[in-house]
Amino acid sequence: MSEVRVRFAPSPTGFFHIGSARTALFNWLYARKTGGTFVLRIEDTDKERNTEEALQVLIDGMKWLGLDWDEGPDKGGDYGPYFQSERREIYDKHLEILRKNGRAYDKDGAVFFKVSGKPQVIQDEVRGRVERLEEKDFVIYRSDGSPVFHFVNVVDDMTMGITHVIRGEDHLSNTSKHTELFAAFDAPTPIFAHIPLILKQSGPGKMSKRDKGALIEEYQQQNFLPSAVRNYLCLLGWNPKDNREVMPIDTIIEEFSFSGVQKGSAKFDEKKMAFINMETLRGLEIGTFSWMASQALANAGVIKGGVDEDYLQTVMQLAQPKVNGLDTIADYVGYFFTEDFSYDEKTTGRLQKKGNPVELLGQVKTALASVDDWKADSLDAAFTALAQAHGQEKPFAWFPATRWAVSGAAGGPDLLPLLEVLGKDKVIARLAKGIEQF
RNA sequence: GUCCCGUUCGUCUAGCCUGGUCAGGACACAUGGUUUUCAUCCAUGCAACAGGGGUUCGAAUCCCCUACGGGAUGCCA
């Protein structure tokens with residue numbers, strides 16, 4: 001373990017915002033890169049909003065993204081408690097220090113902090129030297145007796161031995177308040193790194209919880225790969241300075257540095273997110289892919305109960321190179337697992353316009369019924385023989401109707417392997433069912 | 001209003017520190033190809049240094065100004 005101690009200090013609001021998630025991620029990356037400690041501290045001072053469920057959303061999201069913490073809720077640690085609501089004694093003790101220093105005074109029923117009047121110099125790891133004068137004394141305890149954010153934040157960072165404060169740029173202007181406080185406690189100032197904000201993809205301003213893609217819960221629900229979401233989030237505001245984009249997390253940890261962090265804020269791009277997700281999906285081991293796909297299929301109600309592992313994996317071998325997301329996998333390969341699939345009406349109409357599907361399907365059914373060695377090669381031979389019997393070189397004329405009859409769709413995996421995997425009985429039965437549709 | 005931060009293709013960005021490359025890559029988009037089909041794949045194309053002034057033989061790169069965007073200026077966090 002190195003000396004580095006970083007923290008993520010969210011306040012549980014009932015949702016996990018993408019911007020918060022990225023702040024957590026950058027802290028986590030830095031901790032893992034340096035062999036330091038990643039602390040999760042819960043800023044649950046707002047009694048009204050802080051429910052058990054709200055905390056759970058946060059914890060689920062963190063776990064889903066694979067951002068494990070070394071100290072915090074469920075983990076404990078030597079610097080607890082890790083809930084601000086349980087640290088009141090510590091705050092009050094520190095208020096007394098400031099009072100003794102002559103840096104805190106009462107006014108209008110509240111407690112004010114007396115600023116030094118000196119410009120605060122922040123050596124920011126991302127932005128370089130930033131200088132700002134904190135002009136006015138500010139409130140550290142409200143008239144209702146509760147301590148305010150700036151005060152508790154500094155006291156917590158100080159007492160928890162935080163060495164690096166990595167947070168959103170919206171806190172850059174607040175930093176002069178914080179350095180004033182650290183100095184007043186005669187405590188060393190942590191190293192700051194202010195990371196850019198994530199802006200909404202269209203229109204002005206930062207992502208708000210109402211924007212599409214703003215909440216980690218959405219990605220969980222839509223069966224995005226957590227590693228892909230995490231990868232994309234890394235790329236929003238950081239890059240390894242070469243052209244690599246889709247990378248394993250170990251590589252990102254290895255390459256991560258503040259010099260690679262962007263100064264300007266970045267717009268969220270759902271298309272790129274989807275692309276990274278697809279790329280990540282393609283790179284999965286077939287076993288992993290099959291397992292995840294089966295979860296998605298089960299959620300969609302396509303799979304009920306157990307499925308034969310070998311069959312599942314064979315189907316997924318066809319699907320993996322072509323599918324672009326797990327949220328649509330049920331549409332793409334659902335018919336492999338259930339007879340309860342629907343025929344695409346547009347395709348039905350198109351087939352009727354183009355020729356006589358009933359006749360075509362009847363011919364295919366007869367041709368395939370006599371195939372005993374049910375392999376793609378033999379099926380190819382049977383189709384070719386059928387074509388040649390009708391004076392055609394290639395059997396392409398029979399393909400669209402066949403695909404439609406067995407899958408209900410106009411597109412999908414390669415037809416012959418598809419038929420092979422589906423098996424003779426199902427194919428013959430579905431050809432018959434297809435004929436009845438007209 | 002004041003203070004702080006920022007600004008390269010539509011988007012994410014490389015290049016800037018240590019001036020000299022047709023300003024590179026990716027997503028998106030367009031066209032063509034492959035494919036029975038398709039959500040894949042391949043090829044090609046489109047497209048940017050916010051504006052103005054300096055410094056310099058030469059500026060995306062260094063300096064200044066302006067504009068625009070964001071943040072702070074709360075007894076919110």
Side-chain angles (χ1 to χ4, degrees), chain A residues 9-13 20 43-46 49 84 107-112 119-120 122 124 126-128 130-136 138-153 167-177 194 196-199 201-202 204-206 232 234-246 259-260 262-276 278-279 281-282 319-325 328-329 331-332 347 350 383 387 394-404 407 409-416 418:
Chain A
S11 101
T13 51
S20 302
E43 307 214 332
D44 58 344
T45 45
D46 186 339
R49 286 194 300 182
Q84 276 184 351
K107 188 185 158 194
D108 303 332
V111 183
F112 280 71
Q120 300 299 301
I122 300 136
D124 193 278
V126 174
R127 275 136 221 289
V130 177
E131 199 176 301
R132 187 170 188 274
L133 175 66
E134 196 59 39
E135 296 179 30
K136 293 192 302 189
F138 54 91
V139 173
I140 50 177
Y141 266 67
R142 302 184 187 87
S143 48
D144 69 2
S146 60
V148 310
F149 164 74
H150 301 298
F151 179 81
V152 295
N153 203 259
R167 54 168 33 162
E169 197 204 330
D170 47 342
H171 285 297
L172 185 57
S173 298
N174 288 329
T175 306
S176 46
K177 285 190 176 72
H194 286 92
L197 269 22
I198 299 176
L199 272 23
Q201 45 183 345
S202 57
K206 50 181 178 177
Y232 176 69
C234 288
L235 261 20
L236 265 188
W238 173 85
N239 70 81
K241 302 277 181 195
D242 50 35
N243 294 328
R244 284 175 296 173
E245 291 193 324
V246 178
S259 63
Q262 211 63 26
K263 289 189 178 74
S265 24
K267 277 188 181 165
F268 175 77
D269 183 353
E270 61 173 322
K271 292 245 176 75
K272 186 112 186 191
M273 167 78 255
F275 171 78
I276 302 276
M278 182 186 79
E279 282 288 296
L281 217 44
R282 298 282 170 78
Q320 189 180 20
K322 305 192 81 172
V323 79
N324 61 11
T328 52
I329 192 132
D331 294 335
Y332 197 70
T347 312
R350 205 176 309 139
F383 269 109
K394 298 276 184 185
F396 297 159
W398 286 265
F399 278 15
T402 305
R403 173 183 295 283
W404 169 85
S407 74
D414 292 345
L415 182 63
L416 270 10
L418 184 160

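In this text, all values refer to a predicted model and were calculated from it rather than measured experimentally. Naming: A, B, ... by sequence-line order, numbering from 1 per chain.
Annotation: B:C76 and B:C62 have their C1' atoms spaced 42 Å apart (nearest Å). Here the separation of B:U7 from B:C12, taken at their P atoms, is 12 Å to the nearest Å. Taking the P atom of each, B:C17 and B:G33 are spaced 46 Å apart, rounded to whole Å. Rounded to whole Å, the C1' atom of B:A77 lies 49 Å from the corresponding atom of B:C41. One C1' atom belongs to B:U13, the other to B:G6, and the distance between them is 16 Å to the nearest Å. Comparing B:C68 with B:A50, their C1' atoms are spaced 8 Å from each other, to the whole Å.
Counting all heavy atoms, side chain and backbone alike, A:Y141 lies closest to A:A110 at O-CB, 3.3 Å. Closest of all the heavy-atom pairs between A:F396 and A:P400 is O-CD, 3.2 Å.
Legend: residues meeting side-chain hydrogen bond (donor to acceptor under 3.5 Å, both in side chains) with A:W398, ordered by chain and number and at least two apart, are A:Q363. Judged as a side-chain hydrogen bond (donor to acceptor under 3.5 Å, both in side chains), and not counting sequence neighbours, A:K206 has no contacts. For A:R350, the side-chain hydrogen bond (donor to acceptor under 3.5 Å, both in side chains) criterion is met by no residue, not counting sequence neighbours. Remark: A:S146 engages A:R142, A:D144 in a side-chain hydrogen bond (donor to acceptor under 3.5 Å, both in side chains) (not counting sequence neighbours). Listed by chain and number, the residues in a side-chain contact (heavy atoms from CB on, under 4.5 Å) with A:R167 are A:R7, A:N153, A:V165, A:H171, A:T175, A:H178, A:F192, A:H194 (sequence neighbours excluded). Evaluation of the salt bridge (charged side-chain N to carboxylate O under 4.0 Å, His left out) rule for A:R403 yields no partner, not counting sequence neighbours. Take A:A274 and apply the side-chain contact (heavy atoms from CB on, under 4.5 Å) test, not counting sequence neighbours, and it matches no residue.
Between the side chains of A:E270 and A:Q201, at least one donor N or O sits under 3.5 Å from an acceptor N or O. If you check the side chains of A:E134 and A:S176, you find a donor sitting under 3.5 Å from an acceptor.
At a threshold of 4.0 angstrom between heavy atoms, the contacts of A:G205 are confined to the sugar-phosphate backbone, with no base atom among them. Counting any heavy atom pair closer than 4.0 Å across all strands shown, A:H171 reaches a base atom. At the heavy-atom level, A:F399 lies under 4.0 Å from base atoms of the strands shown. A:N153 comes within 4.0 angstrom of no nucleic acid atom, judged by non-hydrogen atoms across all strands.
B:U73 is paired with B:G1 under the criterion used here, namely a Watson-Crick or G-U wobble arrangement in which both key atom distances are under 3.5 Å. Using N1 to N3 plus N6-O4 or O6-N4 for Watson-Crick, or N1-O2 and O6-N3 for G-U wobble, each under 3.5 Å, B:U44 pairs with B:A30. Using the Watson-Crick or G-U wobble rule with both distances under 3.5 Å, B:G6 pairs with B:C68. Across every strand in view, B:U61 sits unpaired, with no contact that passes the Watson-Crick or G-U test at under 3.5 angstrom. Here B:A39 sits opposite no nucleotide as a Watson-Crick or G-U wobble pair (both hydrogen-bonding atom distances under 3.5 Å). As the counterpart of B:C17, no nucleotide is assigned, since no Watson-Crick or G-U wobble pattern has both distances under 3.5 Å. Look at B:U56: it lacks any Watson-Crick or wobble partner with both distances under 3.5 angstrom.
B:A26 atom C1' lies 13 Å from atom CG of A:L236, rounded to whole Å. The nearest whole Å value for the distance from the CE atom in A:M273 to the C1' atom in B:A26 is 15 Å. For A:L133 and B:A72, the CG to C1' distance is 14 Å, given to the nearest whole Å. A straight line from CH2 of A:W404 to C1' of B:U37 spans 15 Å, rounded to a whole angstrom. Rounded to an integer number of Å, the gap from A:K241 NZ to B:C17 P is 13 Å. Distance OH (A:Y232) to P (B:C12): 8 Å, rounded to an integer number of Å. In this structure, A:D170 places its CG atom 14 Å from P of B:G70, rounding to the nearest Å. Rounded to whole Å, atom C1' of B:G69 lies 14 Å from atom NZ of A:K206.
Using a 4.5 Å heavy-atom cutoff, the side chains of A:F138 and A:V148 are not in contact. Using a 4.5 Å heavy-atom cutoff, the side chains of A:K322 and A:D414 are in contact. Between A:F151 and A:V111, the closest side-chain pair of non-hydrogen atoms is not below 4.5 Å.
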Polar pairs (N or O, both sides) under 3.5 Å between protein and nucleotides 5-11 of chain B?
from: B:C5; atom 1: O2'; to: A:R127; atom 2: NH1; distance (Å): 2.4
from: B:C5; atom 1: O2'; to: A:E169; atom 2: OE2; distance (Å): 3.2

Could you write out each protein N or O paired with an N or O of nucleotides 40-43 of chain B at a distance under 3.5 Å?
from: B:U40; atom 1: O3'; to: A:R282; atom 2: NH1; distance (Å): 3.1
from: B:U40; atom 1: O2'; to: A:R282; atom 2: NH1; distance (Å): 3.2
from: B:U40; atom 1: O2'; to: A:P321; atom 2: O; distance (Å): 2.8

Detail all sub-3.5 Å separations between protein N/O atoms and N/O atoms belonging to nucleotides 73-75 of chain B.
from: B:G74; atom 1: OP2; to: A:K136; atom 2: NZ; distance (Å): 3.1
from: B:C75; atom 1: O3'; to: A:R142; atom 2: NE; distance (Å): 3.4
from: B:C75; atom 1: O2; to: A:S143; atom 2: N; distance (Å): 2.9
from: B:C75; atom 1: O2; to: A:S143; atom 2: OG; distance (Å): 2.8
from: B:C75; atom 1: N3; to: A:S143; atom 2: OG; distance (Å): 3.1
from: B:C75; atom 1: N4; to: A:D108; atom 2: O; distance (Å): 2.9

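Positionally, the nearest nucleotide of RNA chain B for A:P196 lies more toward the 5' end than for the other of A:F396 and A:P196.
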Legend entry - Stepwise side-chain contact (heavy atoms from CB on, under 4.5 Å) test for A:E169 and A:V126: CA-CA 10 Å; A:E169 197 204 330; A:V126 174; over 6 Å; no
Inset, instruction - Mind running side-chain contact (heavy atoms from CB on, under 4.5 Å) on A:E279 and A:E245 for me, showing each step along the way? - result: CA-CA 10 Å; A:E279 282 288 296; A:E245 291 193 324; over 6 Å; no
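Closest contact between the side chain of A:T328 and the listed nucleotides B:G71, B:U36, B:A39 involves B:A39.
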Inset, instruction - Between protein and nucleotides 59-64 of chain B, map the contacts as a letter string: B base, S sugar-phosphate only, - none, heavy atoms under 4.0 Å, written 5' to 3'. - result: ------
Inset, instruction - Can you check each nucleotide of nucleotides 45-50 of chain B against protein heavy atoms at under 4.0 Å and return B for base, S for sugar-phosphate only, - for none, in 5' to 3' order? - result: ------
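Applying the 4.0 Å criterion to OP1 and OP2 of B:G24, one finds that A:N243 has every side-chain N and O outside that range.
Test A:L236, A:L197, A:I198 against A:S265 for side-chain contact (heavy atoms from CB on, under 4.5 Å) and you get one pass: A:L197.
To the nearest 0.5 Å, atoms CG (A:L235) and CZ (A:R244) are separated by 11.0 Å. Annotation: the span from A:D269 atom CG to A:I276 atom CD1 amounts to 10.0 Å, rounded to 0.5 Å.
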